Each structure stands twice: as C-alpha cells, then as structure tokens.
Amino acid sequence: MKKLTGQDRSITRHWRPATQAIRGGTARSHFGETSEALFLTSGYAYDCAGDAAARFAGEQKGMTYSRLQNPTVEMLEERIALMEGAEACRAMATGMAAMTAALLCQLQMGDHIVAGRAAFGSCRWLTDTLLPRFGISATIVDGTDTDAWQAAIKPETKLFFFETPANPTLEIVDLEAVCRIAQDAGVLTVVDNAFATPMLQRPMDYGADIVAYSATKMMDGQGRVLAGAVCGTDKFINETLLSFTRNTGPTLSAFNAWVVLKGLETLDLRIRRQSENALQVAQFLKSRVDRTLYPFLPSHPQYDLAVKQMTAGGTILSIFVKDRAQAHGLLDALQLIDISNNIGDSRSLMTHPCSTTHAGLSAEVRAEMGVEEGMLRLNVGLEDPLDLIDDLDRALKAVGL
C-alpha cells in the first residue's frame with residue numbers, strides 16, 4: 001500500500017469491511033511506517049506567518065491545534081467514516097461526548113426532538129434533564145412502535161434520537177421505517193449504533209443521517225480507553241458539528257485514537273466470535289431464567305426485524321430473575337465473569353442496570369423503559385462459551401435457579 005492509499009476514497013470505498021477496518025484512513029509519514037504513527041503534540045509550527053494565517057482562514061490544508069486536528073485522530077476519523085459509509089466523522093473523547101455534541105450542535109431553544117424510550121441511562125438524562133434546561137423539549141416514545149414516531153412529530157421537531165439495539169432491553173427500532181418517517185417530515189435522525197457497530201449494522205444504509213458511537217465499546221473492545229465518534233455528511237461534520245467541538249473541546253487524545261485504531265483491526269473477528277458465544281450462552285440461559293433477551297434468539301419479540309437489519313446478534317444479552325436481591329446474589333456467585341458496568345470488552349462482564357448504569361433515573365422512568373429490578377445485562381466476551389456457561393450454571397444454582 002502506498003503512503004496515502006488509505007486516504008483515497010476512490011480506492012478504499014471498494015474495499016470490503018474487514019479490509020477497511022485494518023487499512024482505511026492510514027496516512028504514512030516519510031519514514032514509511034507500517035503501523036499508524038502516534039503524533040503526541042498539542043500544537044504545530046508553520047514555515048511562515050502567512051501559512052499560519054492561511055490555515056486559520058481555511059485557505060490552506062494542514063494542522064493548527066490538536067483540539068481541532070491531529071494526524072493520528074484524523075486517521076481514526078477517516079477509518080470509522082469509511083466503515084460506516086459516511087462522508088465524514090468527528091472523533092470525541094467519550095461516547096457521551098459524542099451523543100451530547102451530536103444533539104446540541106444542531107438544537108436551540110424552542111426546538112423539539114423525539115427519542116426512543118429504551119436507552120443508556122446517560123442518554124435518557126440528556127433528553128429528560130439536560131435539553132429541557134436549554135428550552136429544548138423531548139417526546140419519549142416506544143421505539144418499537146413505528147406509528148408513535150409519526151404521531152410525536154410537531155412543527156418544531158428537529159430530530160429523532162434512538163438506539164438499536166437499545167441498552168439494556170435489546171429493543172430493536174425499525175431503521176428503514178423510522179428513517180423514512182423522519183425524511184418525509186424533514187427531520188434528521190441520530191442513531192446510537194454502539195451495540196452493533198458498522199460490522200453488524202449500518203444505519204445509513206437504511207436512511208439515517210447521523211450515527212454516533214461510544215468507541216470505548218467494541219471499537220476498542222479490550223477495556224483500555226474511552227472514545228466516541230459522530231458520523232454524517234461532510235457538511236454536517238465540518239460546518240454544524242465542527243464549530244461546536246472547536247469551541248467546547250470534547251477532544252479525543254492522539255494516544256486514545258491510536259489505541260482504537262489498533263482495536264478496529266480485530267473488530268470483525270472479535271464481534272463475530274463474541275456474537276457466536278453470546279448466542280450459545282443465551283440458548284443456555286433461556287431455560288434457566290424467567291426471560292432472556294437476545295436479538296438473534298427466535299424468542300426475541302423482534303427477531304425477524306433483528307435478522308433483517310443485523311448480520312449477527314451482537315455481544316449483549318439481558319436476563320430477568322425474581323428481584324434485586326436474587327440478581328445481586330447471582331452476581332456475587334460468579335467466579336469467572338466480572339461484575340462490571342462496561343460493555344464491548346473481550347472479557348465477559350455482567351451488571352445490574354437498576355443499581356448501576358440506570359441508577360440515576362427514577363423508578364418510574366426505569367419501569368417505562370423496561371429496566372426491572374431483576375434484570376441483569378451480560379456482555380459476552382471471547383472466553384470459551386462452555387466456561388461461561390459453567391460459571392453461570394454455578395451462580396444460578398447458588399440463587400436457587
């Protein structure tokens with residue numbers, strides 16, 4: 001591969017996803033390094049004052065400050081955009097920085113959004129608490145009810161915001177139907193695709209305008225760094241979003257960008273193997289607990305839609321036991337699987353959403369979302385699934401299941 005081949009969309013857009021995840025976005029320096037270079041610098045020097053003025057005026061390409069551009073970060077942005085099928089991408093310090101920026105950069109007082117009820121706790125805090133502080137109203141709907149999206153539209157509605165699959169209830173939103181409703185109404189769609197990643201689902205293929213990620217999850221996938229990303233059109237990223245991030249500073253560090261670049265190299269292998277493991281574990285659990293939710297289990301209420309939109313079921317499943325006490329008891333009895341609120345790791349992790357990721361929400365909101373006291377969310381890793389099943393079997397027996 002030549003020095004700038006990875007930056008040439010006329011070539012890279014024809015590559016298949018696994019190739020894009022390894023080579024897309026790569027820009028080699030004059031040293032000819034094979035691995036992406038790590039540029040640990042806050043600022044940049046210019047050959048003359050005129051060059052500095054031209055860059056700040058947007059008349060000359062080049063770096064000005066690492067809050068705005070960094071060579072390592074730009075390689076990550078181009079790689080994610082390529083994998084997503086987007087014109088451009090902006091990397092962020094965290095997934096929540098990405099979600100917040102994707103919303104606030106395009107909303108103002110008096111605007112209205114429609115959001116799916118099932119969401120990560122911090123995303124519900126954005127819609128329920130933060131946006132109203134700035135005079136932005138939100139209507140929360142059952143994301144699985146396509147008619148509810150249509151009915152919630154007002155003259156001042158600017159965007160739809162939802163996750164699919166949703167965290168932690170694994171609800172599936174019909175991407176094609178909901179995005180069509182938004183397009184017909186002149187409304188933009190912002191989709192959190194962190195559970196699936198572009199390897200399993202590309203929302204833009206179904207009409208989504210903006211796709212946001214916690215790249216902390218499967219993109220890094222090994223529990224090392226925090227990162228986020230927002231994908232969209234070149235106009236949205238470089239005009240609407242860039243001015244917001246330029247002045248608010250949710251900047252991704254070069255080191256974290258480099259780590260995520262390394263994670264993307266194995267994303268295709270990891271997420272497919274972890275999806276296979278998750279399905280095997282879900283099949284075991286479905287006969288042992290009150291309810292098991294996993295998109296590729298035929299018992300999932302939206303199984304047909306999940307199979308239509310996704311190429312595999314992903315790494316996350318949720319189970320339901322009697323109550324919080326039994327859920328905590330099961331967690332305490334685990335020997336192999338870690339009690340942790342993270343997801344997307346190559347290690348299997350399990351958490352009780354009511355007391356961790358969704359603890360900041362009221363009991364009423366959790367009930368509306370379907371986050372019950374007896375719910376447990378499991379991120380299935382790369383361990384041998386039989387060892388995971390043995391660990392779960394022992395823990396289930398310890399709590400009488």
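Predicted model only: the values in this text are computed from it and were never measured.
Counting non-hydrogen atoms of neighbouring residues, nucleotides and ligands closer than 6.0 angstrom, the CE atom of Met109 reaches no more than 12 such neighbours. Residue Tyr65 places its OH atom among 12 or fewer non-hydrogen atoms of other residues, nucleotides or ligands, all under 6.0 Å distant. The neighbour count for Lys262 NZ, taken as heavy atoms of other residues, nucleotides or ligands under 6.0 Å away, is above 12. In this structure, Asn247 places its CG atom where more than 12 heavy-atom neighbours from other residues, nucleotides or ligands lie under 6.0 Å away.
Ring planes of His328 and His352: perpendicular class, angle over 60° (limits at 30 and 60°).
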Note to self: Pair Lys154, Ser137 - check side-chain hydrogen bond (donor to acceptor under 3.5 Å, both in side chains), show working.
What the structure shows: CA-CA 11 Å; Lys154 301 178 180 181; Ser137 60; 4.9 Å; no
Note to self: What verdict does the salt bridge (charged side-chain N to carboxylate O under 4.0 Å, His left out) test give for Glu36 and Arg23, after you've listed the backbone C-alpha separation in whole Å, the side-chain angles of each residue and the deciding distance to 0.1 Å?
What the structure shows: CA-CA 9 Å; Glu36 297 81 12; Arg23 292 187 175 269; over 6 Å; no
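For the pair Thr100 (side chain) and Met96 (backbone), a donor-acceptor distance under 3.5 Å is present. Between the Gln274 side chain and the Ile316 main chain, no donor and acceptor come within less than 3.5 Å of each other. Using modelled atom types, one side-chain atom of Arg270 and one backbone atom of Met218 make a donor-acceptor pair closer than 3.5 Å. The main-chain N or O of Gly263 is found under 3.5 Å from a side-chain atom of Thr266 such that the two form a donor-acceptor pair. A donor-acceptor distance shorter than 3.5 angstrom exists from the side chain of Asn70 to the backbone of Phe39, with no hydrogens or angles considered. The backbone N or O of Gly381 sits less than 3.5 Å from a side-chain atom of Asn277, completing a donor-acceptor pair.
For the atom pair CD1 (Ile136) and CG (Leu103), the distance works out to 8.5 Å, reported to the nearest 0.5 Å. To the nearest 0.5 Å, atom CG of residue Asp338 and atom CZ of residue Arg347 are 8.0 Å apart.
Between Asp393 and Arg288 there is a salt bridge, since at least one side-chain N of the basic residue sits less than 4.0 Å from a carboxylate O of the acidic one. Salt bridge absent: Glu372 and Arg366 never bring a charged side-chain N and a carboxylate O closer than 4.0 Å. One finds no salt bridge joining Lys308 and Asp304 here, because no Lys/Arg side-chain nitrogen approaches an Asp/Glu carboxylate oxygen to under 4.0 Å. Residues Glu78 and Arg9 are paired through a salt bridge, judged by an N-O separation under 4.0 Å between the basic side chain and the carboxylate. Ion pairing between a basic and an acidic side chain is recognised when a charged N comes within 4.0 Å of a carboxylate O; Asp268 and Arg272 show such pairing.
Shown here for Pro203 and Val191, the closest heavy-atom pair between the two residues is CG-CG1, 3.9 Å.
Applying the salt bridge (charged side-chain N to carboxylate O under 4.0 Å, His left out) rule to Arg67 yields no partners; only residues at least two apart in sequence or on another chain are considered.
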